[in-house]
Amino acid sequence: MRESAARYRLPVSKEARAWFPGLHTRPTEWAAPFPAEQLVYMVQDIEIPYAIAQHQRPRIKEQKLARVVHLENEAVPALAAMEMRGVCIDVERWRSILARKQARQQALEPGLRETLGTALQRACDDYQVALTREEKRLVEAYRANPAQSSWGLFRRKGLAQWQATHKKPPQPKERGTINLASPPQLLAALRALGVPVSATDEETLEPYAKEHAAVASLLQWKELHKFASSFGENLLAMVDTDGRLRTDYAQIGAASGRIICSKPNLQQIPAEEEEEGQEEPVRHCFVAPPGYRILKADLSNIELRILAEVSRDQTMLRLFAEGKDLHAETAKLMFHLSPETDTKRHLYKGVPGRKIAKTINFGLAYGMGANGLANRAGVDLPTAKSLIRTYFETYRGIARWLPLTAKQALEQGYAVTLAGRRRTFASIPTSVDWNREVRASAERSAKNHPIRGTNADILKRALALLHASLPSGAHLILAVHDEIVVECPEECVEEAAGVMRAAMVQACRDFLKVVHIPEPEVLIGTYWCKE
DNA sequence: TAGTAGCGCGCC
DNA sequence: AAACGGCGCGCTACTA
């Protein structure tokens, strides 16, 4: 508030605020009427926002932001209610999942410490052992003749950075041991084992898992460790004394206008168990209190529907209208397959057609290039390039819309969603060469904003509708990008489910005028589940 | 000792 | 030639 007030030269003083914390521990003051100073402060808290709003109103109109401002204002009570209500957690079930995972994690540790610990020790004694044969040769060549060496191979990261990653690893606390959570230590140890990697993330290590048992084991360990550290006791400690977990929502936290949440971030709770069958997903610990049910609805394929809407791509609009599996139909169109083809089975260069189509459909929303497609779909670069070409021949409307949108956004300085939500961009002169990367990034964001941001528009509209229309006793619990979770007394589950279906469709209809909107399926259970 | 940068990884 | 967006957070290692 202070910043906004300053913009309109409205005086604000926050000093009086310091008086409030701990007031309940000061019985005399607690019982007495508010001092004049505090009253002034409290009045200010009402008056200043009003004055700010008065200043902003004409500007909002002028910039055609009235609709999105209204949308945001309508969503405020829903967000506030979710923050206050929180979500009920089955702590016991959570602890038992955690215990099993930790047991598995600990079982892996002796072997890993032995193998990687001794490897790290060798690397510490002589860190040259952590260089691959090829790198040793290159470094030698570079030292001998910097001008002539295959400098190009270092170019990607730059020699300085390349060397930095090969500096002496930090010594573990005890000789012969290793901190498995330390990327630098891991890097040195792995390289000493002959695994020529330059990072220790899952994607980098995965190809070596077959060859090196230690790598396979390490990958499992990392996964279990991640779970324990991010979704273990630390998170459980945030459960309030009433057994409910509460988060902080930031209503316009993301540049796209999406809601973000933190402390804890409930939008990153693992949805599924990677190894099927064995363990229960932790979302199952987000439960309905006794006498209640959890209801979940999501906006299926919403980003692609938005894309079809804004681009008016006739083909994609038709596929949605037909209500078929969009990824499969995309594959059929791209590869000229007959309608009855099983696109999960039909291979193109060794990769299922549906997977390729899905990867492009999905990746499109954030400006994926040929390289990204090659990585994700598992094809080579030329193939990826030709696949993207084919995709855009299939969806001409999208092929036109994407670059046009980027161009317009950068010209006028902002991209816009269907509710009129803006994302601004600094102007980037074409003439300057060094900002090509900046420009490319801005273009991706500009293409992305109408899709992401409209998704946020729709979600917020749905939240507002639901907050106003859910049966009494039913409460909004969670909002995760395209998914809304409600907790509801058993007696009115059917009514609430109906309200949810109607609200989701209405929210879509408020913004999407052309594309087909299916009525969402509402899942009803005793816990938060995925499907 | 406290703050911060970088890596890595969870979600969509 | 190449480069996948955008968010929060835990951890380590470095810096002040």
Side-chain angles (χ1 to χ4, degrees), chain A residues 152-153 155-157 161 164-165 167-173 178-187 197-205 218-219 222-235 238 247-250 252-274 281-283 298-304 359-360 362-377 381 384-385 388 415 423 436-453 455-456 459 478-483 530:
Chain A
L153 288 173
R155 205 207 217 124
R156 186 112 168 254
K157 298 250 169 178
Q161 200 186 335
T165 64
K167 69 189 168 188
K168 202 166 175 172
Q171 302 285 330
K173 292 230 167 63
I178 183 168
N179 181 348
L180 297 172
S182 162
Q185 289 184 30
L186 274 185
L187 198 61
V197 289
S198 51
T200 63
D201 58 296
E202 200 264 337
E203 200 187 329
T204 308
L205 292 182
L218 175 63
L219 286 172
K222 280 164 83 84
E223 198 176 300
L224 294 163
H225 177 256
K226 169 74 177 179
F227 185 88
S229 60
S230 293
F231 309 109
E233 287 299 333
N234 294 347
L235 190 44
M238 301 176 85
T247 185
D248 288 346
Y249 284 103
I252 44 174
S256 59
R258 293 223 298 200
I259 300 166
I260 61 177
C261 83
S262 60
K263 294 183 295 179
N265 179 358
L266 295 184
Q267 294 176 333
Q268 66 178 151
I269 301 294
E272 274 181 301
E273 211 42 50
E274 45 312 305
V282 75
R283 283 196 188 191
D298 57 20
L299 303 159
S300 82
N301 275 327
I302 189 63
E303 292 198 342
L304 282 173
T359 307
I360 305 184
F362 183 64
L364 213 64
Y366 44 75
M368 183 178 64
N371 223 279
L373 177 61
N375 280 338
R376 291 239 168 188
L381 193 58
K385 283 183 177 163
I388 289 177
R423 174 171 182 169
R436 277 182 51 197
E437 229 173 287
V438 180
R439 190 180 180 84
S441 165
E443 282 172 358
R444 282 196 297 270
S445 298
K447 293 172 186 171
N448 189 248
H449 178 76
I451 302 171
R452 272 277 144 75
N455 186 353
L459 184 82
L478 295 166
V480 186
H481 306 308
D482 64 353
E483 174 181 354
K530 183 162 169 70

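Every chain is numbered from 1 and lettered A, B, ... according to where its sequence line falls, protein lines coming before strand lines.
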Q: Between N234(A) and E203(A), who's closer to the 5' end of DNA chain C by nearest nucleotide?
A: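 Mapping each residue to its closest nucleotide by heavy atoms, the 5'-most match is E203(A).
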
Q: Taking distance alone, no hydrogens or angles, what donor-acceptor pairs closer than 3.5 Å link side-chain atoms of residues 440-450 of chain A to residues at least two apart or in another chain?
A:
unit_1	atom_1	unit_2	atom_2	d
S445(A)	OG	S441(A)	O	3.2
N448(A)	ND2	A365(A)	O	2.1
H449(A)	NE2	R421(A)	O	3.1

Q: What's the closest nucleotide to the A254(A) side chain, out of dC4(C), dG10(C), dG6(C)?
A: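 Minimum distance to the A254(A) side chain belongs to dG6(C).
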
Q: Got a donor-acceptor pair under 3.5 Å from the side chain of R452(A) to the base of dG6(C)?
A: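 Side chain to base: no pair below 3.5 Å.
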
Q: Excluding sequence neighbours, so at least two apart, what forms side-chain contact (heavy atoms from CB on, under 4.5 Å) with A479(A)?
A: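 For A479(A) the side-chain contact (heavy atoms from CB on, under 4.5 Å) partners, ignoring immediate neighbours, are M82(A), L459(A), L463(A).
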
Q: Establish, with yes or no, whether the OP1 or OP2 oxygen of dA13(C) is under 4.0 angstrom from a side-chain nitrogen or oxygen of S182(A).
A: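 S182(A) to dA13(C) OP1/OP2: side-chain N or O found under 4.0 Å.
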
Q: Is there a donor-acceptor pair closer than 3.5 Å between any side-chain N or O of Q185(A) and the backbone N or O of N179(A)?
A: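 The answer is yes, because a donor-acceptor pair under 3.5 Å joins these two groups.
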
Q: Tell whether R258(A) reaches the base of dC12(B) with its side chain through a donor-acceptor pair below 3.5 angstrom.
A: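 Between dC12(B) and R258(A), which were checked side chain against base, a qualifying N/O pair under 3.5 Å is present.
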
Q: Out of dG10(B), dC9(C), dC9(B), which has the shortest distance to the side chain of F231(A)?
A: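 When the side chain of F231(A) is considered, dG10(B) is the closest of dG10(B), dC9(C), dC9(B).
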
Q: Please pick, from dC7(C), dG8(C), dT12(C), the nucleotide with the shortest atom-to-atom distance to any side-chain atom of N265(A).
A: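 Selected nucleotide (nearest to the side chain): dG8(C).
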
Q: Base, sugar-phosphate or nothing for A199(A)? Non-hydrogen atoms, less than 4.0 Å.
A: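 Contact class for A199(A): sugar-phosphate only.
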
Q: In whole angstrom, what separates E443(A)'s CD from dA3(C)'s C1'?
A: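 Those two atoms, CD and C1', are 13 Å apart.
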
Q: Just compare dA2(C), dG10(B), dC12(B) and give me whichever is closest to any side-chain atom of R283(A).
A: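 For the R283(A) side chain, the nearest candidate turns out to be dC12(B).
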
Q: Does dT12(C) have OP1 or OP2 sitting under 4.0 Å from an N or O in the side chain of N179(A)?
A: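 Indeed, a polar side-chain atom of N179(A) lies that close.
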
Q: Given atom CG of L478(A) and atom P of dC12(B), what is their separation to the nearest angstrom?
A: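 Distance check: L478(A) CG to dC12(B) P gives 12 Å.
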
Q: With the side chain of S229(A) defined as its heavy atoms from C-beta on, choose the nearest nucleotide among dG10(C), dG10(B), dT12(C).
A: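 Per side-chain heavy atoms of S229(A), the pick is dG10(C).
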
Q: Please state the C1' separation for the pair dC4(C) and dC9(B) - nearest whole angstrom.
A: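 Each nucleotide's C1' atom is 15 Å from the other's.
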
Q: Between dG6(C) atom P and E303(A) atom CD, what is the distance in whole Å?
A: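 Going from E303(A) (CD) to dG6(C) (P), I get 13 Å.
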
Q: Just how far, in rounded Å, is P of dG6(C) from CD1 of I259(A)?
A: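 Atom-to-atom, I259(A) to dG6(C), this comes out as 18 Å.
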
Q: Should S441(A) be listed as having a side-chain N or O under 4.0 Å from OP1 or OP2 of dG5(C)?
A: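 No.
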
Q: Checking contacts here: which listed nucleotide (dC7(B), dG8(C), dG5(C)) is nearest the side-chain heavy atoms of K226(A)?
A: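 Looking only at heavy atoms from C-beta outward on K226(A), the closest nucleotide is dG8(C).
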
Q: Rounded to the nearest Å, what distance is computed from the CD1 atom of residue I269(A) to the C1' atom of nucleotide dG8(C)?
A: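 Rounding to the nearest Å, CD1 of I269(A) and C1' of dG8(C) are 11 Å apart.
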
Q: Just N and O in the side chain of S445(A): are any of them under 4.0 Å from OP1 or OP2 of dG6(C)?
A: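 Checking S445(A) against dG6(C): at least one side-chain N or O falls below 4.0 Å of OP1 or OP2.
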
Q: Given dC7(C), dG10(B), dC12(B), which nucleotide is nearest the side-chain atoms of H481(A)?
A: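 From the listed options, dC12(B) comes nearest.
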
Q: At under 4.0 Å between heavy atoms, what does D201(A) touch on the DNA or RNA strands: base, sugar-phosphate, or nothing?
A: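 Here D201(A) touches the backbone only, sparing every base.
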
Q: Answer yes or no: is there a side-chain heavy-atom contact under 4.5 Å between R283(A) and L478(A)?
A: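 No, side chains not in contact.
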
Q: Do V197(A) and L187(A) come within less than 4.5 Å of each other through their side chains, counting heavy atoms only?
A: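 Side-chain contact under 4.5 Å: yes.
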
Q: In this structure, how many angstroms lie between the P atom of dG10(C) and the CZ atom of F227(A), rounded?
A: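 For the pair F227(A) CZ and dG10(C) P, the rounded distance is 14 Å.
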
Q: What is the distance from NZ of K222(A) to P of dC7(B), rounded to the nearest Å?
A: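 In whole Å, dC7(B) P and K222(A) NZ are 13 Å from each other.
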
Q: Are I269(A) and L235(A) packed together at the side-chain level, in the sense that at least one heavy-atom pair is separated by less than 4.5 angstrom?
A: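 They are in side-chain contact.
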
Q: Any donor-acceptor pair under 3.5 Å linking the side chain of S230(A) with the backbone of F227(A)?
A: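 Judged by distance alone, no pair lies under 3.5 Å.
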
Q: Quick one: is R423(A) getting a side-chain N or O under 4.0 Å of the dG6(C) phosphate, OP1 or OP2?
A: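 Affirmative; the distance criterion is met.
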
Q: Rounded to whole Å, how long is the line connecting atom CE of M368(A) with atom C1' of dG5(C)?
A: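 One finds 12 Å between C1' of dG5(C) and CE of M368(A), rounded.
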
Q: Answer yes or no: does a side-chain N or O of Q185(A) lie under 4.0 Å from OP1 or OP2 of dA13(C)?
A: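 So the side chain of Q185(A) is within the cut-off, an N or O lying under 4.0 Å from OP1 or OP2 of dA13(C).
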
